[in-house]
Undergrad: 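Here it is: the structure, laid out below.
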Amino acid sequence: MSADELAAATEVREERINLNVTTSHKTENGDITKVSSVERAAYAFVPQTPIRSTDAHLEEFSEAMRTVAKTLRRVAEGKAAAQAEAAEWKRKYELEVASKEHKHHNVIKGCSNFGKDKLEQLTSQMALETASIDQTSCCGNHGICSHQILQDECPGPNRKPDEKMVGRKAPFRLLWGCDGDKNDQHKRDFVSFEKGDIKTAERSNKQILLKWESPPQTVLFVTKPNSNSVLALCAEMVRWLKEHNNMNVFVEPRVSKELLTEDSYFNFVQTWNNDQEVKALHTKVDLIVTLGGDGTVLWAASLFKGPVPPAVAFSLGSLGFMTPFPSEQYRECLGNVLKRPFSITLRSRLQCHVVRDAAKDEVETEEPIIVLNEVTIDRGMSSYLTYLECYCDSSFVTCVQGDGLIISTTSGSTAYSLAAGGSMVHPQVPGILFTPICPHSLSFRPLILPEYVTLRVQVPFNSRGQAWASFDGKGRIQLGPGDALICSISPWPVPTACLVDSTTDFLRSIHEGLHWNLRKSQSFDGPSA
Ligand SMILES: NC(=O)c1ccc[n+]([C@@H]2O[C@H](COP(=O)([O-])OP(=O)(O)OC[C@H]3O[C@@H](n4cnc5c(N)ncnc54)[C@H](O)[C@@H]3O)[C@@H](O)[C@H]2O)c1
Ligand SMILES: Nc1ncnc2c1ncn2[C@@H]1O[C@H](COP(=O)(O)OP(=O)(O)OP(=O)(O)O)[C@@H](O)[C@H]1O
């Protein structure tokens with residue numbers, strides 16, 4: 001308020017005090033009270049100039065603050081866009097490096113005729129929409145055509161058919177069926193532009209089949225720890241694979257010791273001694289076998305930061321959303337997987353980077369943290385609400401005020417995200433779930449975003465507390481004000497073998513694991529309609 005305004009207000013007030021006339025007034029309950037003109041002047045004064053003026057100034061101030069907040073948000077959006085772009089470039093760079101490494105690998109193996117198109121195929125990160133078509137792979141006999149989308153081996157004529165494969169990964173193809181290919185046309189794109197009209201040429205998610213091109217030779221066992229029954233089953237399966245299929249076997253160092261303590265017969269079993277050897281595992285292992293619950297599948301996936309060999313998960317836990325194979329029938333199940341084409345679910349993973357405010361937008365670790373279920377950002381031990389600003393590519397999504405946020409894959413949709421009210425999503429649906437944990441708001445519904453976006457969750461500077469990120473329920477990292485977590489879909493999914501097919505296995509798991517929508521049927525003898 002200016003000095004002039006203040007003087008004017010004071011004058012008005014003095015005028016009213018001089019007119020001290022008493023009048024009668026009726027109260028709400030009908031009583032008559034005496035109100036002096038001084039009181040009237042006082043009542044009149046309260047909502048008048050000085051306060052009104054203060055309100056106006058407050059409004060002006062809050063408008064200015066809103067403008068500042070908007071500007072800050074725009075700056076943050078710009079930053080998010082730049083980081084999303086940087087993450088995308090990094091991803092492309094990594095794919096390029098992976099492709100070059102693969103090329104180098106094949107040249108060394110004498111496969112210099114490996115075509116450029118095949119290399120490009122590798123860099124296509126197993127993305128179905130960019131997959132190339134092998135015109136020769138259509139079987140035609142069953143009305144099903146098969147598209148080759150990944151080939152993990154050099155196919156050139158230099159390869160001798162009887163070449164000894166020890167130490168080499170078994171080649172395989174991924175094929176996806178397209179029922180109803182009535183017009184006998186090989187389709188390349190999911191969308192066609194016939195005569196200028198946009199038409200969905202093909203449905204994007206078909207059941208994918210994995211077909212070995214030569215028999216797999218090396219199996220890695222990943223087992224739930226501290227369980228005698230699991231160890232006993234592991235020993236039995238290792239023995240069976242060696243004696244009936246002459247397979248090479250890798251186990252974790254802990255399991256190697258346990259097996260050798262049991263019997264020196266297991267001397268042939270291989271293991272690793274350091275992180276470098278773990279990193280090289282994917283070049284040696286044809287198939288992963290997990291013995292445990294969903295946690296064991298998560299653990300097995302976490303061993304592979306890059307490409308993941310196909311995994312066969314035997315159920316030895318309580319729920320088993322990702323473990324469809326019955327361990328009692330392991331001979332039949334493994335026999336089928338080793339010798340015949342089998343359905344797989346390509347489970348996408350999230351790659352996460354922490355960006356510290358102090359580190360001037362540099363990612364904290366070169367290697368991303370990779371999760372198969374979800375990354376959770378919560379309030380940890382803090383009793384304050386978490387306050388998180390979320391961006392999707394360069395767009396502001398929302399501020400989370402509550403216990404936290406779950407960014408989940410579709411595989412993780414039946415885990416923590418489900419408990420927080422997120423939808424259950426078929427694991428082949430290409431999406432990222434954005435599920436709040438106990439939001440302190442009536443209207444914060446969970447979202448499902450497309451899989452190609454980059455998400456950025458930032459602890460703002462005015463947050464009261466810290467936040468903690470955890471990855472598949474493990475490895476908590478503290479995030480302070482200004483720190484951010486950046487997530488996008490990893491180029492390396494986890495191919496898990498299906499007992500029947502993706503959809504049948506998913507529905508079985510929600511029926512049997514969660515008793516989804518189980519209700520007693522109404523009796524027939526009710527009122528008629
Ligand atoms: N409130 C919750 O529901 C809650 C809380 C914390 C963690 N979790 C989940 O636990 C996971 C870690 O699993 P763990 O086995 O190492 O820990 P754990 O041993 O504590 O098991 C957690 C439970 O989650 C189940 N689970 C794991 N992944 C699943 C999936 N994809 N679909 C359905 N159920 C799944 C497991 O079968 C197990 O019963 C985390 O990724 C998170 O999703 C859930
Ligand atoms: N190979 C492993 N090495 C270390 N830890 C493991 C390994 N496999 C599993 N775990 C951990 O052991 C815990 C229990 O594993 P898992 O979920 O498979 O068994 P479970 O709890 O009996 O099954 P369920 O969760 O279905 O009840 C998980 O937290 C998981 O991270």
Side-chain angles (χ1 to χ4, degrees), residues 152 169-170 172 210-212 215-260 262 265-266 268-272 277-278 280-304 307-317 319-347 372 411 493-500 505 509:
D152 194 21
K169 273 191 77 169
F172 60 79
L210 188 148
K211 188 178 172 201
W212 300 108
Q217 299 192 325
T218 308
V219 174
L220 163 68
F221 276 84
V222 180
T223 60
K224 172 166 82 172
N226 305 322
S227 165
N228 290 333
S229 57
V230 167
L231 181 67
L233 180 65
C234 176
E236 193 182 321
M237 286 169 86
V238 169
R239 211 181 266 269
W240 183 79
L241 281 173
K242 185 74 192 163
E243 286 165 10
H244 289 83
N245 297 275
N246 195 26
M247 307 271 311
N248 307 314
V249 175
F250 273 88
V251 296
E252 294 172 89
R254 160 185 57 83
V255 183
S256 165
K257 279 189 206 125
E258 287 169 350
L259 288 177
L260 284 172
E262 206 165 271
Y265 166 84
F266 294 107
F268 70 91
V269 171
Q270 302 174 63
T271 189
W272 56 87
E277 287 178 33
V278 177
L281 264 184
H282 77 92
T283 61
K284 299 173 185 160
V285 170
D286 293 319
L287 193 70
I288 306 171
V289 170
T290 71
L291 305 179
D294 294 317
T296 307
V297 178
L298 297 177
W299 187 271
S302 75
L303 294 174
F304 296 86
V308 191
V312 184
F314 286 94
S315 171
L316 287 127
L319 284 183
F321 280 78
M322 296 188 283
T323 61
F325 289 90
S327 57
E328 316 81 57
Q329 292 159 29
Y330 76 83
R331 291 182 187 83
E332 193 191 336
C333 298
L334 279 180
N336 282 338
V337 163
L338 295 174
K339 300 208 167 82
R340 301 197 181 101
F342 56 96
S343 295
I344 57 162
T345 302
L346 279 188
R347 295 180 181 275
L372 174 54
S411 292
V494 180
T496 56
C498 303
L499 182 62
V500 183
D505 286 11
S509 71

Undergrad: Would you please test Thr223 and Thr296 for side chain to side chain contact (heavy atoms under 4.5 Å, CB included) and show each step?
TA: CA-CA 7 Å; Thr223 60; Thr296 307; 5.6 Å; no

Undergrad: Taking atom CG of Leu372 and atom OG of Ser302, what is their separation to the nearest 0.5 Å?
TA: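 If I round to the nearest 0.5 Å, the distance is 9.5 Å.
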
Undergrad: If you compare all heavy atoms of Cys234 against all heavy atoms of Val255, which two are closest, and at what distance to 0.1 Å?
TA: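 Residues Cys234 and Val255, closest heavy atoms: SG-CG1, 4.2 Å.
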
Undergrad: Could you point out which residue of Leu334, Val238, Val222 forms a side-chain contact (heavy atoms from CB on, under 4.5 Å) with Val289?
TA: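 By the side-chain contact (heavy atoms from CB on, under 4.5 Å) criterion, Val289 pairs with just one of Leu334, Val238, Val222: Leu334.
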
Undergrad: Please report the closest heavy-atom contact between Ile344 and Pro495, naming both atoms and the distance.
TA: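 So the minimum-distance heavy-atom pair works out to CD1-CB, 4.0 Å.
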
Undergrad: Do Phe221 and Leu241 come within less than 4.5 Å of each other through their side chains, counting heavy atoms only?
TA: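 Yes - at least one pair of side-chain heavy atoms lies under 4.5 Å apart.
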
Undergrad: Are any non-hydrogen side-chain atoms of Ser509 and Pro324 less than 4.5 angstrom apart?
TA: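 Not touching, per the 4.5 Å side-chain cut-off.
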
Undergrad: Output yes when a side-chain donor or acceptor of Lys169 lies under 3.5 Å from a complementary backbone atom of His282, and no otherwise.
TA: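 At least one qualifying donor-acceptor pair exists.
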
Undergrad: Anything under 30° is parallel, anything over 60° is perpendicular, the rest tilted; go ahead and classify Phe172 against Trp212.
TA: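 Judged by the thresholds at 30° and 60°, the geometry between Phe172 and Trp212 is perpendicular.
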
Undergrad: Is Val230 close to Ser327 at the side-chain level, that is, under 4.5 Å between some pair of heavy atoms?
TA: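 Ser327 vs Val230: side chains apart.
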
Undergrad: Show your reasoning for whether side chain to side chain contact (heavy atoms under 4.5 Å, CB included) applies to Phe314 and Leu233.
TA: CA-CA 11 Å; Phe314 286 94; Leu233 180 65; 5.6 Å; no

Undergrad: Determine yes or no for a side-chain-to-main-chain donor-acceptor pair under 3.5 angstrom, with Lys224 supplying the side chain and Leu316 the backbone.
TA: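 Yes, Lys224 side chain to Leu316 backbone: donor-acceptor pair under 3.5 Å.
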
Undergrad: Might you point out which heavy atoms bring Pro215 and Ala170 nearest each other, and give the distance in Å?
TA: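 Heavy atoms of Pro215 and Ala170 come nearest at O-CB, 3.6 Å.
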
Undergrad: Keeping Asp505 on the side-chain end and Cys498 on the backbone end, is there a donor-acceptor pair under 3.5 Å?
TA: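 No, the answer is negative, given that no donor and acceptor are paired below the 3.5 Å cut-off.
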
Undergrad: For Ile288 and Ala300, which heavy atoms make the closest approach, and how far apart are they?
TA: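 So the minimum-distance heavy-atom pair works out to CG2-CB, 4.3 Å.
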
Undergrad: Does the pair Arg347 and Met322 meet the rule for a side chain to side chain contact (heavy atoms under 4.5 Å, CB included), with working shown?
TA: CA-CA 10 Å; Arg347 295 180 181 275; Met322 296 188 283; 3.8 Å; yes

Undergrad: Is Asn245 close to Trp240 at the side-chain level, that is, under 4.5 Å between some pair of heavy atoms?
TA: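 Yes - at least one pair of side-chain heavy atoms lies under 4.5 Å apart.
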
Undergrad: Can you name the closest pair of heavy atoms from Gly292 and Thr323 and give their distance?
TA: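 Closest heavy-atom pair between Gly292 and Thr323: O-CG2, 3.9 Å.
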
Undergrad: Under 4.5 Å between any side-chain heavy atoms of Asn336 and Phe342, yes or no?
TA: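 The answer is no, as the side chains (C-beta and beyond) never meet within the 4.5 Å cut-off.
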
Undergrad: Would a 4.5 Å heavy-atom cut-off, applied to side chains only, mark Leu220 and Trp272 as touching?
TA: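 Side-chain contact under 4.5 Å: yes.
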
Undergrad: So Phe268 and Phe266, would you call those rings parallel, tilted or perpendicular, with 30° and 60° as cut-offs?
TA: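 Ring orientation, 0 to 90° scale: tilted.
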
Undergrad: Between Thr218 and Gln270, is there a side-chain heavy-atom distance shorter than 4.5 Å?
TA: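 They are not in side-chain contact.
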
Undergrad: If you measure from CZ on Arg254 to CG on Asn226, what distance do you get to the nearest 0.5 Å?
TA: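 Here the interatomic distance stands at 7.0 Å.
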
Undergrad: Does the side chain to side chain contact (heavy atoms under 4.5 Å, CB included) test come out yes or no for Leu303 and Val308, once each step is laid out?
TA: CA-CA 9 Å; Leu303 294 174; Val308 191; over 6 Å; no

Undergrad: CG/Leu338 to CG/Leu287 distance, rounded to the nearest 0.5 angstrom?
TA: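 It comes to 6.0 Å.
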
Undergrad: How long is the gap from CD on Glu236 to CG on Leu231, to the nearest 0.5 Å?
TA: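 That separation rounds to 11.5 Å.
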
Undergrad: Atom NZ of residue position Lys242 - does it have more than 12 heavy atoms of other residues, nucleotides or ligands inside 6.0 Å?
TA: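 Enclosed: over 12 neighbouring heavy atoms sit under 6.0 Å from NZ of Lys242.
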
Undergrad: Do Trp299 and Glu252 come close enough that some side-chain heavy atom pair is under 4.5 Å?
TA: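 Yes, at least one pair of side-chain atoms sits under 4.5 Å.
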
